[in-house]
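Reviewing the structure listed below.
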2 protein chains.
Amino acid sequence: MLKRSFEPACGRWMVPPVNSSGSTKERILGAAELLFAQRGFDGASLRQLTTAAGVNLAAVNYHFGSKDKLVEEVFRRRLDALNERRLAALAKIAGAPETTLENLLEAFIRPALDLSHDDSGALFMRVLARAFAEHDDTLRQFLSANYGHVMRQFTAEFARLLPQLSKEELYWRIDLVTGALTHAMSGFGMIQRKSDVSEHTHREQTAQHLIRFAVAGLSHP
Amino acid sequence: MLKRSFEPACGRWMVPPVNSSGSTKERILGAAELLFAQRGFDGASLRQLTTAAGVNLAAVNYHFGSKDKLVEEVFRRRLDALNERRLAALAKIAGAPETTLENLLEAFIRPALDLSHDDSGALFMRVLARAFAEHDDTLRQFLSANYGHVMRQFTAEFARLLPQLSKEELYWRIDLVTGALTHAMSGFGMIQRKSDVSEHTHREQTAQHLIRFAVAGLSHP
DNA sequence: GGGGCCGTCAAACGATCGTTTGTTGCAAAT
DNA sequence: ATTTGCAACAAACGATCGTTTGACGGCCCC
């Protein structure tokens, strides 16, 4: 079997330890983030999810309306925070004459790395990487409608700092940086965190490598 | 709904036009590639799949043993060809004193782009991007066991052409290039093929941008 | 001509899916 | 004290899942 993760010999599926803190809605969202990251949106069933959250099966439909609405809420909760931080960081440097490409990339990348800081935020980056790969047009429209203006503001600032690039050239490069970012954040690839460095240090290294790589890729002639 | 693609008002799910060419096994593999790319491994059911292929429901289990074995075969068929081409291209330049970083990246990237050339090979890149995002350890082991030696040979050649980089630094950068490659190939992002350029031209542009970006990112001090 | 494979088929299997229902406990409002 | 509304629960709904079964027809080989 290639895809589905393990299934224990006894019992049908893993029941992660019950998370008993917070309200019912929050416990569902937390468990959803974990299981969506591990097994995907289709792969994680509401029964696994509600068992992990320690709530009743019907609670998801009661509080969110449907499984799809739950998925939407998982996205909205994290992306609202992420894009707020991005815009706040951008606002501090936008238009300033002394702003460097490193500053701008920092503003773009750092909030994504910080998101991975708190307890389960790191899982969300995997959920996001999955969603990107799903390639769904509905997701595309959702992201564009809700967070498109953030990307537009950053692109405008990139254009200001890289005036030598044509619009098309700039789009291409930002696209490639986004790909490298998503890849690095989701943690697939050769580079794994070594056991002797802390999670925080590892994130810091990731950011450093990513920013240097992106600066070189963006600003080459 | 965020994720599942549309479902038509009449009838339960889309039934793509029947593909009536080739053997039963080949038709199943073709339809699997299409539906796995569109709906994911869990999302695409054997009933959708066999209907699209124009074969009986039981044919999958008869010819492949199980759905999971089918997934495995979808991967193996394309990756065998991809890595053969990569190794052939690498063999022509490995160790040669006049080899440039561009040559090496070309050998690495071009076969992936060429894979997208034939009929449905482009779909496979989406399947692959999905599988990367799934983050499954079983997949990781499958790739490492069957195609790890390819990555190792390329890494050795990268190390020869970039002697100034530490081993860790090199791994990081190759990882980021891989992320950009996967992202560009899977086609999520701002850049979409314009209707006035051919598929071939678009692939060529993708390769050019990607190689230039990667060279800059890899070789910066 | 008859026996053994092979590929295909409709039909069914049990399991699991997302969702709905009806009931219960409980606290605030009347 | 009674009513109202919310949240949680067990249980069931019909649909769909991956897989298995047994029968049917065509083909080659003895």
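It should be emphasised that the depicted structure is a prediction, and the values quoted were computed from it without experimental measurement. Lettering of chains follows the sequences in order, A, B, ..., and the numbering in each one begins at 1.
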| request: Check the distance between D/dC17's C1' and A/Asp42's CG and give it to me in whole angstrom. | output: 12 Å
| What integer distance in Å separates B/Arg47:CZ from C/dT16:P? | 16 Å
| Closest to the A/Ser66 side chain, choosing from C/dT19, D/dA8, C/dA12 | C/dT19
| task | In whole angstrom, give the distance that lies between atom CG of A/Leu57 and atom P of C/dC17. | result | 10 Å
| message | I need the residues from residues 58-65 of chain A with at least one non-hydrogen atom less than 4.0 Å from DNA chain C; give them sorted by number, or say none. | response | A/Ala58, A/Asn61
| Between C/dC17, D/dG18, C/dC9, which nucleotide has the shortest distance from any of its atoms to the side chain of A/Ser45? | C/dC17
| request: Describe, in one word, how the ring planes of B/Phe75 and B/Phe41 are oriented to each other, choosing from parallel (under 30°), tilted (30 to 60°) and perpendicular (over 60°). | output: tilted
| field | Nearest-Å distance for atom pair CG/P, residues A/Leu70 and C/dG18 | value | 11 Å
| Within the side chain of A/Arg173, is there an N or O that forms a donor-acceptor pair under 3.5 Å with the backbone of A/Leu218? | yes
| note | From CG of A/Leu49 across to C1' of C/dT19 the rounded distance in Å is 15 Å
| field | A/Asn56, nearest nucleotide to its side chain (from D/dA10, C/dA12, C/dG7) | value | D/dA10
| Residues that B/Ser144 engages under side-chain contact (heavy atoms from CB on, under 4.5 Å), provided they are two or more places apart | none
| message | Could you work out, with salt bridge (charged side-chain N to carboxylate O under 4.0 Å, His left out) as the rule, every residue matching A/Glu106, not counting sequence neighbours? | response | A/Arg110
| query | Any side-chain N or O of B/Thr24 under 4.0 Å from OP1/OP2 of C/dT8? | reply | yes
| note | Those residues at least two apart in sequence (or on a different chain) that pass side chain to side chain donor-acceptor pair (under 3.5 Å) with A/Ser66 are none
| remark: Per the 3.5 Å Watson-Crick/G-U criterion and a run length of at least three, the stems involving DNA chain D are C:5-30 with D:1-26
| task | For A/Arg130, check side chain to side chain donor-acceptor pair (under 3.5 Å) against everything at least two apart and list the hits. | result | B/Glu134
| Summary of salt bridge (charged side-chain N to carboxylate O under 4.0 Å, His left out) pairs that have at least one residue in residues 146-157 of chain B, sequence neighbours excluded | B/Glu157-B/Arg160
| message | Going by side-chain contact (heavy atoms from CB on, under 4.5 Å), name the residues that satisfy it together with A/Ala59, two or more places apart in sequence or in a different chain. | response | A/Thr24, A/Ile28, A/Val55, A/His63
| said: Going by the rule side-chain contact (heavy atoms from CB on, under 4.5 Å), which residues pair with A/Asn83 if we only count those two or more places apart in sequence or in a different chain? | reply: A/Leu79, A/Arg86, A/Tyr147, A/Val150
| task | Mind calculating the distance between NZ (B/Lys69) and P (D/dT20) to the nearest angstrom? | result | 11 Å
| To the nearest Å, how far apart are B/Phe41 CZ and D/dC17 C1'? | 18 Å
| query | A/Gln48 CD to C/dC17 C1': how many Å, rounded? | reply | 11 Å
